[in-house]
2 protein chains.
Amino acid sequence: MIHLPIERQRVCELVANHLIQQISDRRLKPGDPLATERELTQTYGVGRSSVREALRILESKGLIRSAGKGTFAVAEYANPLQHSVRLLLTLQEIALPELFEVRKILEVEAAGLAAARRTDDDLAEMARRIEEMVEGLSSQERYIAADLQFHLAIATATRNRIAVHVMQAIREALHRALASIFQIPGSPQQSLAQHKEILRAIAAGNQDEARQRMREHLLRVEGDIRDALDAGA
Amino acid sequence: MIHLPIERQRVCELVANHLIQQISDRRLKPGDPLATERELTQTYGVGRSSVREALRILESKGLIRSAGKGTFAVAEYANPLQHSVRLLLTLQEIALPELFEVRKILEVEAAGLAAARRTDDDLAEMARRIEEMVEGLSSQERYIAADLQFHLAIATATRNRIAVHVMQAIREALHRALASIFQIPGSPQQSLAQHKEILRAIAAGNQDEARQRMREHLLRVEGDIRDALDAGA
DNA sequence: GCCAATCTGAATGTCGGACAATAATACCGT
DNA sequence: ACGGTATTATTGTCCGACATTCAGATTGGC
């Protein structure tokens, strides 16, 4: 009988795990205000230090958010991957070109899957996001947001939530770089046209076409960003 | 002049960020023993609570690891993504089939990229891992480990570190399911043969062939696992 | 002289108290 | 009823205390 190394669980970890379980069970829903430290202290019968360390753990996992007064159970789109990708970037464990490449792999394939699985609602959502991009041509912020939403709509249409999360995390990390394309003359208009082509292919259920259109789109955007950086540097 | 909401930085966050910076600068290398809480307290001139909360933050990000006596700066393969994927699983925010699908997308494309970029060292590494799988045919643990290493070697050959990290995280989450194939009669031998085909295609620099072989391999493994689960259930 | 048991010290894990700063609430005077 | 003030609640931070556990030194036995 081999006893694996016994990992002593700290009290703060027990509290953290219990809270995670509650969030997982939807007993704590996104946006709900969390109990105060004092209440948690009494509920679990532990010291305040342990409660606070548990909260720090949840916070660093992106599950809760300290908003001045009171800590809230966040989630909504709780995406721990975003934190992780950010961390890997600051650790210089990964670099932007690598993120672009993985993004290309995932989004191209996602377009193909979306063409096979999309519902009418998905198509409507994508069309709506394209509308928003048209309206947002005068506002960088709105344009970029709508662009992100369009690509996320495609990811959603794959019915693969991990794909959505990974894509979201990568795009968040690339946010700055992606925002810069708005400054490139003609780029937003071209993206718009390409988005429409992608949507058409997805609506037609043509997987190969959707993949190809998405690949073209991403390659062009990448080229534009490279040009902009070269010119700026 | 618009002042963005001032995010009050907690002391523990300042300490955590400073330590992250030191790890990022390689001033703290993987395996190095971290300063004691008392030392950190004196170094930064803050209270022990703050130091401890900072350590909990780093720990939950997977940057350090408490090993009974003394906390160590970990990493070497510090992979925050592993924690995140695990968390998403426990939150039931994602499910295993979705992970299998993303794995397929990434690994198939990785095989293609590896065929284009692999060095002789990469090929030698892959061959070595196949050898290990042969030797490990009698030991589930060794076989599974060698299998993982073979696939990671392919990822490494892509020269895309984020791909390596994501694949590693997904495989870690799938570890149980993947380990079960060892129990299926003939499956390890088939995998072995397919691995050799994949390696041959990568060595030949044939991207399409590599992708196709990898796709076949992953589909077969997935089928085996499904069969095993159906039979077991 | 060498080995083993024990003792001591250091470090972590945990609790509780104390205090400042800040935000929400209640209260009160006009 | 309204505005301003007082009170309270909560977080952020520090500090002290104690149990536990582990490493290394000390010491005792053979």
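Below, chains carry the letters A, B, ... as their sequence lines are ordered, and counting in each starts from 1. The structure presented is a predicted model; accordingly, all values stated were derived computationally and were not measured.
Atom CD in A/Gln42 sits about 11 Å away from atom P in C/dG16, given to the nearest Å. A straight line from CD of B/Gln9 to P of D/dT13 spans 10 Å, rounded to a whole angstrom. Rounding to whole angstrom units, CZ of residue B/Arg38 and C1' of D/dG16 are separated by 12 Å. Separating the CZ atom of A/Arg52 from the C1' atom of C/dC15 is a distance of 15 Å, rounded to the nearest angstrom. Computed from coordinates, the A/Glu53 CD to D/dT13 C1' distance equals 14 Å when rounded to whole Å. Remark: P of D/dT10 and CD of A/Glu39 are 7 Å apart, rounded to the nearest angstrom. Atom-to-atom, CD of A/Glu37 to C1' of C/dG17 comes out at 15 Å; the value is rounded to the nearest Å. A/Tyr44 has its OH atom 14 Å from the P atom of C/dC15, to the nearest Å.
Closest contact between the side chain of B/Val46 and the listed nucleotides D/dG12, D/dC14, C/dC15 involves D/dC14. Taking every side-chain heavy atom of A/Arg56 into account, D/dG12 is the closest of D/dG12, D/dT13, C/dG13.
Applying the 4.0 Å criterion to OP1 and OP2 of C/dC15, one finds that A/Ser50 has a side-chain N or O inside that range.
Annotation: of the two residues near DNA chain C, B/Ser49 and A/Arg10, the 5′-most nearest-nucleotide partner is A/Arg10.
With a 6.0 Å radius and a threshold of 12 heavy atoms from other residues, nucleotides or ligands, A/Gln92 has its CD atom at or below the threshold. More than 12 heavy atoms of other residues, nucleotides or ligands lie within 6.0 Å of CD in A/Gln183, so this atom counts as buried by the packing criterion.
Interface remark: the B/Arg48 side chain does not form any donor-acceptor pair with the D/dG16 base, using a distance-only criterion of under 3.5 Å.
Screening A/Glu131, A/Glu125, A/Glu132 for a side-chain hydrogen bond (donor to acceptor under 3.5 Å, both in side chains) with A/Arg128, the sole residue that qualifies is A/Glu125.
Using modelled atom types, one finds a donor on one side chain and an acceptor on the other under 3.5 Å when comparing B/Glu39 with B/Thr36.
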